[in-house]
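Encoded as structure tokens, the structure appears first; notes follow it.
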Amino acid sequence: MTEEAKESAVKLYESCVFDQLLGETLRPGGLKLTARLAEVAGISSNYVVLDIACGKGTTAFFLAREYGCHVIGIDLSDKMISTCRSRAKEEAVTGRVSFLLGDGENLPFRDSSFDVVISECSFSLLPNKEIAARDIGRVLKSGGKLVMTDIILKGEVSKELRSQISFACCLAGARRAEEYINLFERVGFQSPYMEDYSHELRKLTFQLAITFGSVDNFLGRLSGGPCQRKGAGDSAPSILSYQEFLRLGRPGYALVAMTKI
Ligand SMILES: C[S@@+](CC[C@H](N)C(=O)[O-])C[C@H]1O[C@@H](n2cnc3c(N)ncnc32)[C@H](O)[C@@H]1O
């Protein structure tokens, strides 16, 4: 299930489902929210920053250009990493950005390598969150910050309902903000800080309805499309399950920051 979930997450974001809607940043908030994330993280030119699940590299280029820091992006998608590497040739940030194919749950870096770790709309996609959180703690320097923006749930969903929708979209793996905070506290982080950006998710939902005709049309694309489970057949997640998940889970969007002790 775990490897299958990761594979379908990669497939979904490699597909064209979101391209039309999101463009270069594959999530709510765009670079305006990234600028706020950089401010909260206190990024400066002498920092080395890790971007987990960097997508097309837009954030890495933005941070290197605007703040002069060094950014390493990793992503599990070959296609994303080759896009990042070809873009790097055109961006005026040579030497300050690099990209690696890698899994957010198994970071290919030495202990205490980074001043800041960021993850935008991607932590929710990692099936083994405890393993991922510990690994983030391992690669961060003491006093370093993790700043993530992600889907949060404001309601409760049963395990059963969670399992009925595809893990590939950020929704299925999303948690309540306090669950993220408790998780990072358990693995050696402190000083939680949060800002609510649920209006950015509402804005995106509105754009989604316009682009696909309705939110249900979009959900239909998800349930029958690229993130359908392998061999799911008749048990492919139904629009009804997504609708129920949205009703009970009441998803929002938030920035969460924590400091490694
Ligand atoms: C919602 S997109 C966000 C991309 C980027 N952070 C952005 O803001 O545009 C999710 C990204 O997570 C990547 N991904 C999914 N599972 C992953 C994993 N286990 N490890 C690393 N990257 C992963 C996908 O390939 C995709 O690029």
Side-chain angles (χ1 to χ4, degrees), residues 1-38 41 49-64 71-87 91 97-109 116-136 139 146-152 166-174 197 200-201 204-205 207-208 218 222 226-227 251 253-256:
M1 158 64 189
T2 298
E3 291 314 306
E4 197 184 308
K6 288 182 191 173
E7 197 187 309
S8 59
V10 164
K11 231 161 109 190
L12 172 67
Y13 291 100
E14 281 180 350
S15 79
C16 56
V17 178
F18 289 109
D19 270 7
Q20 199 182 346
L21 181 70
L22 298 169
E24 298 306 316
T25 53
L26 303 168
R27 58 183 162 81
L31 286 178
K32 199 169 153 212
L33 187 50
T34 301
R36 177 61 192 148
L37 172 151
V49 177
L50 171 64
D51 182 5
I52 296 180
C54 61
K56 297 176 182 176
T58 310
T59 286
F61 298 124
F62 172 78
L63 294 178
V71 189
I72 300 179
I74 73 156
D75 201 284
L76 197 53
S77 157
D78 261 326
K79 196 173 159 187
M80 293 291 178
I81 293 299
S82 14
T83 303
C84 292
R85 287 178 179 157
S86 355
R87 285 183 72 184
E91 302 273 344
V97 286
S98 37
F99 298 99
L100 274 182
L101 185 67
D103 187 344
E105 290 179 358
N106 184 16
L107 301 170
F109 305 105
V116 165
V117 173
I118 65 168
S119 175
E120 296 175 298
C121 206
S122 301
F123 195 75
S124 53
L125 286 172
L126 303 178
N128 302 301
K129 292 186 170 42
E130 176 114 15
I131 290 177
R134 281 190 195 284
D135 219 22
I136 291 172
V139 301
L146 160 74
V147 190
M148 60 187 237
T149 55
D150 218 322
I151 306 266
I152 50 156
S166 166
F167 200 88
C169 61
C170 300
L171 268 186
Y197 287 95
E200 293 292 351
L201 186 63
L204 187 68
T205 311
Q207 285 166 353
L208 202 133
F218 171 71
L222 280 187
C227 58
Y253 204 72
L255 176 152
V256 176

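Source: prediction; values computed, not measured. Worth knowing before you read on, the calculation uses all heavy atoms, side chains too, and leaves out hydrogens, waters and symmetry mates. Start at 1 and go down the list; that is how both ligands and their atoms are numbered.
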Q) Residues in salt bridge (Lys or Arg N to Asp or Glu O under 4.0 Å) with R134, at least two apart? A)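 Partners of R134 under the salt bridge (Lys or Arg N to Asp or Glu O under 4.0 Å) test: E130.
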
Q. Counting heavy atoms only, which of L76, L101, I151, D150 is nearest atom 22 (N) of ligand 1?
A.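 Nearest option to atom 22 (N) of ligand 1, by heavy atoms: L76.
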
Q) Taking atom 12 (O) of ligand 1 as the point of reference, which of G30, C121, A53 owns the nearest heavy atom? A)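 It is A53 that holds the nearest heavy atom.
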
(Q) Taking distance alone, with N or O pairs closer than 3.5 Å, would you say E120 contacts ligand 1? (A)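 Right, the criterion is met.
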
Q | Polar atom proximity, I74 to ligand 1 (N or O, under 3.5 Å) | A |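 Min N/O separation from ligand 1 is not below 3.5 Å for I74.
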
Q | atom 27 (O) of ligand 1: nearest protein contact (heavy atom, Å) | A |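 Protein heavy atom at minimum distance: D75 OD2, 2.7 Å.
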
Q: Give the residue, atom name and distance (to 0.1 Å) of the protein heavy atom nearest atom 16 (N) of ligand 1.
A: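 Minimum-distance protein heavy atom for atom 16 (N) of ligand 1 reads A9 CB, 4.2 Å.
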
Indicate, as side chain, backbone, both or neither, the part of [X] found under 4.0 angstrom from ligand 1 when only non-hydrogen atoms are considered.
{"X": "D103", "answer": "both"}
{"X": "R27", "answer": "side chain"}
{"X": "S122", "answer": "side chain"}

Q: Could you list the atoms of ligand 1 found under 4.0 angstrom from a heavy atom of C54?
A: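 It comes down to these atoms of ligand 1: 5 (C).
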
Q.
I'd like to check which ligand 1 atoms, numbered from 1 as shown, lie under 4.0 Å from a non-hydrogen atom of S77.
A.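 Reading through ligand 1 atom by atom, the close ones are 25 (O).
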
Q. For ligand 1, is L126 a contact, meaning one of its heavy atoms is under 4.0 Å away?
A.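 A heavy atom of L126 does come that close to ligand 1.
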
Q: Decide, yes or no, whether a salt bridge links E200 with K32 under the criterion of side-chain N to carboxylate O below 4.0 Å.
A: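 So E200 does not pair with K32 through a salt bridge.
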
(Q) Suppose the criterion is side-chain hydrogen bond (donor to acceptor under 3.5 Å, both in side chains): which pairs have a residue in residues 72-85, not counting sequence neighbours? (A)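 Passing the test, one end in residues 72-85: E14-S77.
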
Q) Any donor and acceptor pair, going by atom type alone, linking the side chain of K56 with main-chain N or O of R87 inside 3.5 Å? A)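 Such a contact is absent between K56 side chain and R87 backbone.
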
